[in-house]
Trainee: 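Okay, here's the structure, questions in a sec.
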Amino acid sequence: MAARSSLSPRALLGLASEQRELESKEGGPLVVSGARRSASALLRELSRVAVPGSVLQADDFEQAEALVYLLPARPKSDDLRRLRAAEKARVPIICVRIGGERSPLPGVLATSVIELESGEPVPVEEVGRLLARRLEGRATALAARIPALRPGVCDELIQHSARRAGAIGAAAFVPAADMPALFLEQARLILRLGYAHDHRLEPKRGIEIAAVLAAGLGLRRLARRVRHETLFPAWALQSSIAYAGTRALGDAAARYFAALPSESSDS
């Protein structure tokens, strides 16, 4: 008989250590540059209730956590030079191209470009999603300091975690072997969503983690119950339930944290 895996204290301590490491890192500002009028409008939107200094309009990218570059209809040589400078500094770039030609840009991934027609507002939520894809875990710290980015960043965090949970469900052929891995994935998501909403790791967070464990157990019971009552392969059913359950859990957690007052505003 296969040994039943369990949630080890080391794994739970690993979650706490990961969160503390994330909190201890000093992130640079999000820099907005490019077309002056559009950049100024985006800066105003991102700066609302943001931590002072967390978002700047500048042409110096050396210390930037990431760059959002607003490209005018016809890029000038200065635009291309700045993009190359950001690439050389290894700064992740999100490019918002406004009514321009759709040719490749230096240092910018094709998946990191938002195409807009002239006069359209910059979709801040999409900017947050792309930043989450480029920065991965570091995007949570940026969202904690810039609330306007939270919806997009959190949505991408949830989607990414749900895909991982689906993979865990699909790969779990040994009874009970998926439970610790799925729990840790969902617990990590809850901790990151909390941090993105400016809620740090504290003893009271144990309530949220307990809720994750209860939800995970519920998902597992559901999978056990229905996989014997359907013609779908067990791996596909487990994957679908893990994906949908993690997605729903993340959405509920994001709404929960969004309704709480920010800890920095309380101090």
Side-chain angles (χ1 to χ4, degrees), residues 15-16 18-33 39 41-57 61 63-69 91-96 111-112 114 121-164 185-202 205 208-209 212 246-247 249-267:
L15 277 177
E18 177 183 324
Q19 189 74 359
R20 291 193 182 97
E21 181 181 356
L22 186 64
E23 294 171 6
S24 67
K25 291 180 179 177
E26 289 291 334
L30 176 66
V31 172
V32 178
S33 188
L42 179 60
L43 178 70
R44 286 194 297 272
E45 188 165 0
L46 294 176
S47 296
R48 290 178 192 155
V49 302
V51 174
S54 59
V55 55
L56 305 172
Q57 185 173 355
F61 316 133
Q63 304 302 319
E65 187 75 15
L67 168 66
V68 179
Y69 199 92
V91 175
I93 305 170
I94 305 300
C95 187
V96 181
T111 52
S112 297
I114 300 173
V122 176
V124 174
E125 189 166 337
E126 182 63 17
V127 170
R129 287 193 191 95
L130 294 182
L131 285 170
R133 290 173 199 167
R134 293 301 313 276
L135 297 176
E136 298 181 345
R138 289 182 296 155
T140 57
L142 208 56
R145 293 182 285 140
I146 308 173
L149 295 175
R150 286 175 189 168
V153 169
C154 290
D155 186 70
E156 182 60 28
L157 288 175
I158 293 167
Q159 184 67 17
H160 178 74
S161 187
R163 287 194 296 265
R164 287 175 57 89
E185 179 61 41
Q186 293 171 337
R188 181 178 291 108
L189 173 62
I190 298 302
L191 290 172
R192 289 190 170 184
L193 291 173
Y195 185 59
H197 285 85
D198 197 30
H199 294 286
R200 304 302 191 260
L201 181 63
E202 295 176 346
R205 293 281 83 85
E208 285 106 29
I209 299 302
V212 173
T246 302
R247 176 88 220 191
L249 189 68
D251 288 338
R255 289 194 296 270
Y256 168 78
F257 286 120
L260 295 177
S262 172
E263 291 177 359
S264 60
S265 65
D266 292 341
S267 55

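We're numbering straight along the sequence, starting at 1.
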Trainee: Is any side-chain heavy atom of Arg192 less than 4.5 Å from a side-chain heavy atom of Arg188?
Mentor: yes

Trainee: Is atom CZ of Arg164 surrounded by more than 12 heavy atoms (other residues, nucleotides or ligands) closer than 6.0 Å?
Mentor: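 For Arg164, atom CZ is not crowded (no more than 12 foreign heavy atoms under 6.0 Å).
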
Trainee: Could you tell me which non-hydrogen atom of Ala39 sits nearest to which non-hydrogen atom of Gln57, and how far apart they are?
Mentor: CB-NE2, 3.6 Å

Trainee: Would you mind reporting whether Leu189 and Leu249 have side-chain heavy atoms less than 4.5 Å apart?
Mentor: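 Sidechains of Leu189 and Leu249: no contact.
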
Trainee: What heavy-atom pair brings Ala253 and Leu193 nearest, and what distance separates the two atoms?
Mentor: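 Heavy atoms of Ala253 and Leu193 come nearest at CB-CD1, 3.9 Å.
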
Trainee: With rounding to the nearest 0.5 Å, note down the distance linking NE2 in His197 to CG in Leu260.
Mentor: 9.0 Å

Trainee: Would you indicate whether the side-chain heavy atoms of Thr111 and Arg133 approach each other to under 4.5 Å?
Mentor: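 Answer no - side chains too far apart.
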
Trainee: Closer than 3.5 angstrom, by distance alone: can the side chain of Ser161 be matched with the main-chain N or O of Leu157 as a donor-acceptor pair?
Mentor: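 Between the backbone of Leu157 and the side chain of Ser161 there is no qualifying donor-acceptor contact (under 3.5 Å).
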
Trainee: Nearest 0.5 Å, what's the CZ-CG distance between Arg150 and Asp198?
Mentor: 6.0 Å

Trainee: Decide yes or no for Leu142 and Val153: does some side-chain heavy atom of the first lie under 4.5 Å from some side-chain heavy atom of the second?
Mentor: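 Not touching, per the 4.5 Å side-chain cut-off.
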
Trainee: Which value, rounded to the nearest 0.5 Å, describes the distance between Glu125 atom CD and Glu156 atom CD?
Mentor: 11.0 Å

Trainee: Which distance, rounded to the nearest 0.5 Å, do you find between the CG of Leu67 and the CG of Leu30?
Mentor: 8.0 Å

Trainee: Over all heavy atoms of both residues, which pair between Ala66 and Leu131 is shortest? Give the atoms and the distance, please.
Mentor: CB-CD2, 3.7 Å

Trainee: Could you tell me which non-hydrogen atom of Ala139 sits nearest to which non-hydrogen atom of Ala132, and how far apart they are?
Mentor: CB-CA, 3.6 Å

Trainee: Taking atom CZ of Arg129 and atom NE2 of His160, what is their separation to the nearest 0.5 Å?
Mentor: 16.0 Å

Trainee: Indicate yes or no: does Asp251 engage Arg247 in a salt bridge with an N to O separation below 4.0 Å.
Mentor: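 Yes, charged N to carboxylate O under 4.0 Å.
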
Trainee: Taking all heavy atoms of Ala64 and all of Val31, pick out the closest pair and write down the distance.
Mentor: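 Taking Ala64 first and Val31 second, the nearest heavy atoms are CB-CG2, 3.5 Å.
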
Trainee: Using 0.5 Å steps for rounding, measure from the CG atom of Leu149 to the OG1 atom of Thr140.
Mentor: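 The CG atom of Leu149 sits 12.0 Å away from the OG1 atom of Thr140.
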
Trainee: Taking C-beta and beyond as the side chain, do Ile114 and Val122 meet within less than 4.5 Å on heavy atoms?
Mentor: no

